Number of protein chains: 2
Amino acid sequence: MNVTIDDVAKLARVSTATVSRTINGNYPVHESTKKRVLKAIKDLDYHPNYSAIALATKSTKSIGVLIPGIANPYFLKVTEAIENTIYKSGYIMFLCDTKNDPEMERYYINNLLSRNVDGIIVVEGPDENHLNGFFNKAAEKINVVIINGISENLNCHHVSCDQEQGMRDALDYLISIGHVNIGLLIGNNGHSFRLKKQFFIKFMKQKNIPLNKENIICLQNENELPNADNLSHLLECVLNSKNRPTAFYVGNDLMSLTLLEASKLLGLSVPSDISIIGNDNIAFTEFCSPKLSTVDYKTEILGETSAKLLLNVIENKKGDDKLEKIVIKTEFINRESCASLK
Amino acid sequence: MNVTIDDVAKLARVSTATVSRTINGNYPVHESTKKRVLKAIKDLDYHPNYSAIALATKSTKSIGVLIPGIANPYFLKVTEAIENTIYKSGYIMFLCDTKNDPEMERYYINNLLSRNVDGIIVVEGPDENHLNGFFNKAAEKINVVIINGISENLNCHHVSCDQEQGMRDALDYLISIGHVNIGLLIGNNGHSFRLKKQFFIKFMKQKNIPLNKENIICLQNENELPNADNLSHLLECVLNSKNRPTAFYVGNDLMSLTLLEASKLLGLSVPSDISIIGNDNIAFTEFCSPKLSTVDYKTEILGETSAKLLLNVIENKKGDDKLEKIVIKTEFINRESCASLK
DNA sequence: TTGAAAGCGCTAACAT
DNA sequence: ATGTTAGCGCTTTCAA
């Protein structure tokens, strides 16, 4: 069997309580006995059993992170930032891939609840569990931080990117270099895309540019690399059309990449035939050709902020129940995928 | 407080044992009482406490996955495949980023041990803990599967790619199209790179090609995207040299990318000035320009095989202690980054 | 400053 | 088929 706190206590000739106290440093222990205990711990190579601690204290020093897909580098940059900040505090992370499926999301949250994680971070994801109150119910039992989800009527802490700001800069830029016939390419799932669509419509109205509904296209699987389905969908419903947009704003960089590939397939050149501005600033955008202009979502700050917020909430749950809503600035990064029409 | 098995038992007018039995289905329970229990569970929205189960059974339905860096898509493709296979069996995964640091590796393994995970998968990583016996010691306490690590004197289960095969095909191809002055670009950490170096030397000897030691270059941070440090190191020690190789075999695709960028910086064109064959077949290689030739490491099969192996071992630990060593085939994929010298 | 002991929520051996 | 109960390994209150 494994070595337990009893073994340590026996070897050090103290009670288990004293061992616990010297480990946790939460009650006074005499220097000399502390030394004996520490030596026993070392001699026996004792490692405390987290399951027992969890049972006794309700704390597991672990959190759950839900992402819609491992294939999208954007989610993983956020995850990386989260990992980098929590491990310093001794926390460890369950990574859960929900595949953008609301039911999987519920499954994992219930699972994590059963596992007594100290908190949960939900990175984007589908709307359903926002709207049906599931997240709010979960938040009654556990600390949850939502990244870029619906924040209205939400009882969870919330960190989001300023979606309008970067997008406005990007669209302003497109217009400033002469584009009028602008398309919007978004995904089917999630709050972010809905926000972008709303803003796009609002923006075009503000600029008095008549909106061509056909210029707004939805891809089914927004978190996938370019593939036959997405490409053919794009080819059919947009790039072949007579009134093809001269520029596209694209809701995430994986889809920018798909659009880039689709253009190549059609023999269209980016940016001279078609300009592209993406979203997220995943690493790839800097190394493809042309380098993609994009809106940087500050993934590192996003992940770090969320993790710090969660840790704060966990360690200070003295019943001060104020909800945090943090907004991160975004930044339009202009690289090589936009050409002037003038 | 949370609802416990006692609450369920009380409501269903049975003992906790009966509740436990109907949940786990490991002992007979009468249909009618089973129904009562199930109803009580539903009515109370009862979720069993994993910490308590873990304490009582030593099983947590969780595994730990160690990777050297979240930034390398190759590791995440493996991770994704692992997740996809374990979640179907009700398992969940701690993701641990060791940053290629042996001490972090030990920290996480000890941590996971304390948490009573049912098994651990180590994806690549540094050599130190192979050589100093740390992994072997860990394997006495828990099931561990190593991916692409040192397999000599190893008491852990082991899944690896056939490193020589794909590389031989690649090098054969380079020679077949006229290259003789071939360089090798590898990373500093890990068994895979050492294997590649050994094989490279052996191969050149077989082909009677004199080996220029300067053609073997090591990058410090092999799991990073192209950055100033790596680029300048490359520029200095290779591409500027008079006797610059006409082709490179590169130990991973992140470094292929770095090499590609470095070439661009020097105004060299790939493949006409310099041919590149990478390793791993990360998604990027298919969408950059030129599309990179590479050796496919079958990440999906690799991850899935490892996960299935681990689950098997976990669920059948009837003391049959035979160590599994599985080798996965690799495949040279020729795309656009090699040019003939003839 | 230290020890004794109850309790965290579950499982499984034993008894019926 | 079901109930009783002794743990699993730790924390923490109460007493000393």
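Just so we're clear, the structure is a prediction, and the values are computed from it rather than from any experiment. Numbered from 1 within each chain, the chains take letters A, B, ... in sequence-line order.
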Examine [N]: is either OP1 or OP2 under 4.0 Å from a nitrogen or oxygen in the side chain of [X]? Give yes or no.
| X | N | answer |
| --- | --- | --- |
| B:S15 | D:dT4 | no |
| B:S20 | C:dC10 | no |
| A:T18 | C:dG3 | yes |

Any chance the side chains of B:R106 and B:N110 put a donor and an acceptor closer than 3.5 Å?
no
For A:F135, give me all partners under ring pair (Phe, Tyr, Trp, His ring centres under 6.0 Å), at least two apart in sequence or on another chain.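 With neighbours one apart ignored, the set is A:H130.
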Residues passing the ring pair (Phe, Tyr, Trp, His ring centres under 6.0 Å) test with B:Y87, sequence neighbours excluded, are none
Check: Taking the side chain from A:N155 and the backbone from A:N136, do they hold a donor-acceptor pair closer than 3.5 Å?
Finding: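 Flag not set: sc A:N155 to bb A:N136 has no pair under 3.5 Å.
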Only counting residues at least two apart or in another chain, list the ones meeting side chain to side chain donor-acceptor pair (under 3.5 Å) with B:T60.
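Side chain to side chain donor-acceptor pair (under 3.5 Å) list for B:T60, sorted by chain: B:S62.
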Going by side chain to side chain donor-acceptor pair (under 3.5 Å), name the residues that satisfy it together with A:K298, two or more places apart in sequence or in a different chain.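 If we apply the side chain to side chain donor-acceptor pair (under 3.5 Å) test to A:K298, skipping adjacent residues, the hits are A:E331.
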Next on the checklist: Under 4.0 Å, heavy atoms only, any strand: does B:V19 hit a base, just the sugar-phosphate, or nothing?
Outcome noted: nothing
* To do: Please work out if B:T4 contacts a base, only the sugar-phosphate, or nothing of the nucleic acid, heavy-atom cut-off 4.0 Å.
  =>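 Answer is sugar-phosphate: B:T4 comes under 4.0 Å of backbone atoms only.
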- [ ] Please list, chain by chain and in numerical order, all residues satisfying salt bridge (Lys or Arg N to Asp or Glu O under 4.0 Å) with A:E222, sequence neighbours excluded.
- [x]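 Applying salt bridge (Lys or Arg N to Asp or Glu O under 4.0 Å) to A:E222 gives none.
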Contacts of A:D97 meeting salt bridge (Lys or Arg N to Asp or Glu O under 4.0 Å) (sequence neighbours excluded), chain-then-number -> A:K99
For B:K141, is there an ion pair with A:D45 - N to carboxylate O distance below 4.0 angstrom? yes
To the nearest Å, how far apart are [X] [atom1] and [N] [atom2]?
| X | N | atom1 | atom2 | result |
| --- | --- | --- | --- | --- |
| B:N116 | D:dC8 | CG | P | 14 Å |
| A:K10 | C:dG3 | NZ | C1' | 15 Å |
| B:N24 | C:dA12 | CG | C1' | 11 Å |
| B:R115 | D:dG9 | CZ | C1' | 16 Å |
| A:D6 | C:dA4 | CG | P | 12 Å |
| A:I53 | C:dG9 | CD1 | C1' | 16 Å |
| A:I5 | D:dT12 | CD1 | P | 11 Å |
| A:K58 | C:dC8 | NZ | P | 9 Å |

Is there any protein nitrogen or oxygen under 3.5 Å from a nitrogen or oxygen in nucleotides 14-16 of chain D, and what are the pairs?
none

Show me, pair by pair, the donor-acceptor contacts under 3.5 angstrom made by side chains of residues 64-71 of chain B, not counting sequence neighbours?
none

The nucleotide from C:dA12, C:dT11, D:dC10 with an atom nearest the side chain of A:A56 is D:dC10
- request: Apply side chain to side chain contact (heavy atoms under 4.5 Å, CB included) to B:I53 and list each qualifying residue two or more places apart in sequence or on a separate chain.
  value: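 Only B:P48, B:T57 meet the side chain to side chain contact (heavy atoms under 4.5 Å, CB included) criterion with B:I53.
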Got a sec, which residues hit side chain to side chain contact (heavy atoms under 4.5 Å, CB included) with B:K77, two or more places apart in sequence or on another chain?
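In terms of side chain to side chain contact (heavy atoms under 4.5 Å, CB included), with neighbours along the sequence ignored, B:K77 is linked to B:E80, B:T299.
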Inset, instruction - For the helix from C:dT1-D:dA16 to C:dT16-D:dA1, measure the angle between the helix axis at one end and the axis at the other, each built from five pairs, rounding to 10°. - result: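 End axes: 40° apart.
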Worksheet entry | Members of residues 25-50 of chain A that approach DNA chain C, where some heavy atom sits under 4.0 Å away |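 Residues of residues 25-50 of chain A under 4.0 Å from DNA chain C: A:P28, A:V29, A:H30, A:T33.
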